[in-house]
Amino acid sequence: MVSMPSSLVESRRGLGCLQGVPLVSPLSHRGYSSSSHLAEVTLTQERYPVQRLPFAVVSEDDLAVFQRILPGRVVTNPEELVAVNVDWLRAFQGCSQVLLKPRTTEEVAQILRYCHDRNLAVTPQGGNTGMVGGSVPIFDEIVLSTALMNQVVSFHSLSGVLVCQAGCILEDLGRYLEDQGFIMPLDLGAKGSCHIGGNVATNAGGLRFLRYGSLHGSVLGLEAVLADGTVLNCLTSLRKDNTGYDLKQLFIGSEGTLGIITAVSIMCAPKPKAVNVAFLGCPGFSEVLETFRSCKSMLGEILSAFEFMDAECMRLVGQHLRLPCPVQESPFYVLVETSGSSAEHDSAKLTSFLEHVLDSSLVTDGSMATDLRKMQALWALRERITEALSREGYTYKYDISLPVERLYDIVMELRARLGSSAKAVVGYGHLGDGNLHLNVVAETFSTRILGALEPYVYEWTAGQRGSISAEHGLGFRKRDVIGYSKSPAAVELMRGLKTMMDPKGILNPYKMLPSRA
Ligand code: FAD
Ligand code: 2HG
Ligand code: ZN
């Protein structure tokens, strides 16, 4: 029998929570840290109007059952629970008293079967790098981590299909594949911490989307455990399979609300033989757009990324991360990556593209890299913007897709609207996919700034027929604004699916679907 932690006893009286404990950044073990100043994080239930649903509270008997299923892998030590209760952005904090660390699908099934019977709520958690408060409990939900489900099951070098458990870290999978001449079809700044299961659950986009497309295409199969403990094995490795509804698609982007993904089968790409990165300075946003047009027409099939950032982003990565700007200071910067099979052919194409954009004054200065270290240094300027922003202060995040020609308008409008109340208003992102990361940084969270931003940003985005969440999902933060991008009929159908698959609502409650008015 596991002894009952005193904080758990308290929680039965009044949901006592972990407050004021110094927080360890979830990414710090891999060299990233989310924030240099460890300010206290406010409990989500105090900051937002949310009511705990009538789930059971974990009892001593429950802990004993969990211990039997997962010997030595039931965590109740409050210090160890801090990191899983707080999200990467330090914007949301729950007060879970239990962390479960299964190793196998069968263990996940036993846990969910039990939680379902007992009406205990569960938050699935991968690397806890999500941006919308989806990965942490809101109240005292049990955290089920995939951290120990990190085995590769198989890799087939002819088809390029990798089958692995959900808790494999994206970067580890990349290293494993590299040895065999392959790469993962997705890459993101959080690769050192995020899990492939979390990537699939959020339908992560990232830096290779332009080339390899969405996980809805590259995930060939998956295995998930449903709310009542049923194991759904859709772990096929076939490219083509039109036998009935494609159930795996339901779980891709379902943010832990329909089932716990325990394994995935994913199609990987051969490692490109020649990779080049060019980092360019542009005098204005219209030149950024023209550079993109030239890129598509002159680089064609070898173009693998087209990312942009504004001068404010460059200032912040310089100030907080000491990353030097490799080109002359400019209002905008663009990162172009090519990936192909012939170094000579690709560099000839890239050279003529660069001559064209420099001659036509679309670009004022540029820096090129072909060796790995220099390419990584150029990529770091773009990949580490999120980290630099968190060091600047509290960040209000918007992740929107728009017609590409309107992508920067909202950044300028918000600068005018907020004036000096914001420390920084920045725009950057996956321009090649029409995806803007609009971030507003202030000293601390303030309802006044939030009121100036919302619903303004959502209304503006809907007015452009854009999406209010291009790649990060809805989680807790954005569940109530789904209506800006989805019709009432679509939201009702989603609710119906949720009710059918999880009638007691135990899987990641308070997330993704809007609260009932
Ligand atoms: P978590 O954060 O742990 O969880 C995210 C959601 O998935 C939660 O709702 C959780 O309940 C659910 N979940 C996790 N695992 C499972 C599972 N096995 N089964 C069911 N549900 C599960 N995102 C992008 O799309 N593109 C980017 O370019 C990008 N760059 C980033 C850069 C940085 C520096 C950071 C910090 C984040 C970035 N993100 C990006 C956001 C984040 O990394 C992704 O959403 C990622 O896919 C989350 O994976 P994770 O393992 O950390 O999941
Ligand atoms: C990126 O593309 C991520 O860097 C994070 O999606 C974006 O922090 C953000 O707003
Ligand atoms: Zn992104």
Side-chain angles (χ1 to χ4, degrees), residues 25-27 30 32-34 84 87-89 92 102 105 108 122-137 141 143-147 149 165-170 186-209 214-215 222-225 251-264 305 307-309 313 379 382-390 395-401 426-431 433 435-441 469-477 479 507-512:
S25 162
L27 289 193
R30 292 264 172 169
Y32 283 100
S33 70
S34 62
V84 298
D87 71 322
W88 191 90
L89 288 167
F92 298 96
T105 302
V108 175
V122 177
T123 296
Q125 189 175 90
N128 196 10
T129 66
M131 300 264 108
V132 288
S135 54
V136 289
E141 299 85 87
V143 179
L144 188 150
S145 164
T146 51
M149 303 183 72
Q165 282 189 299
C168 291
I169 290 175
L170 182 61
L186 79 159
D187 184 23
L188 38 144
K191 57 180 155 278
S193 292
C194 63
H195 297 183
I196 189 68
N199 299 147
V200 173
T202 53
N203 187 24
L207 308 164
R208 290 186 184 150
F209 191 98
S214 156
L215 289 173
L222 57 76
E223 177 188 70
V225 179
F251 296 88
I252 303 174
S254 65
E255 303 185 47
T257 61
L258 297 182
I260 297 190
I261 299 165
T262 45
V264 303
E307 299 282 322
F308 94 106
M309 59 197 271
C313 294
W379 263 116
R382 162 62 188 89
E383 282 186 65
R384 297 186 66 189
I385 297 170
T386 303
E387 199 186 336
L389 287 164
S390 336
T395 312
Y396 302 82
K397 288 200 171 277
Y398 301 95
D399 158 41
I400 57 189
S401 37
V426 306
Y428 64 105
H430 316 288
L431 187 135
D433 311 321
N435 181 184
L436 171 74
H437 293 310
L438 164 66
N439 281 233
V440 175
V441 191
S469 185
E471 61 172 6
H472 295 160
L474 298 166
F476 177 76
R477 193 195 284 272
R479 65 176 177 147
L507 281 177
N508 222 5
Y510 324 103
K511 313 286 173 58
M512 212 183 87

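Note that the structure is a prediction, hence the values are computed from the model and not measured. Read the numbers this way: they start at 1 and go in the same order the structure lists the ligands and their atoms.
Residue Gly205 places a heavy atom under 4.0 Å from ligand 1. Assignment of Glu307 to the shell around ligand 2 is not supported, since no heavy atom sits closer than 4.0 Å. Within the 4.0 Å heavy-atom cutoff, Gln125 counts among the residues contacting ligand 1.
The closest donor-acceptor contact from the side chain of Asp399 to the backbone of His472 lies under 3.5 Å.
A distance below 6.0 Å separates the ring centres of Phe92 and Phe476.
Contacts between His430 and ligand 1 below 4.0 angstrom, taking non-hydrogen atoms only, involve the side chain exclusively. The proximity of Leu389 to ligand 2, defined as any non-hydrogen pair under 4.0 Å, does not occur for either the backbone or the side chain. For Met131, every heavy-atom contact with ligand 2 shorter than 4.0 Å involves the side chain, none the backbone.
Taking the charged nitrogens against the carboxylate oxygens, Arg382 and Glu307 do have a contact shorter than 4.0 Å, which makes a salt bridge.
Scanning the protein heavy atoms around atom 6 (O) of ligand 2, the nearest turns out to be His472 NE2, 2.7 Å. Of the protein's non-hydrogen atoms, Arg382 NH1, 3.1 Å is the one closest to atom 4 (O) of ligand 2. What sits closest to atom 8 (O) of ligand 2 on the protein, heavy atoms only, is Lys397 NZ, 2.6 Å. At the top of the distance list for atom 5 (C) of ligand 2, counting protein heavy atoms only, stands Thr386 OG1, 3.3 Å.
Below 3.5 Å of separation, one finds an N or O of Ile261 facing an N or O of ligand 1.
Here the shortest heavy-atom distance to atom 43 (O) of ligand 1, taken over Asn128, Asn508, Thr129, belongs to Thr129.
Protein-derived N/O/S atoms nearer than 2.8 Å to the Zn ion (ligand 3) total 3, waters excluded.
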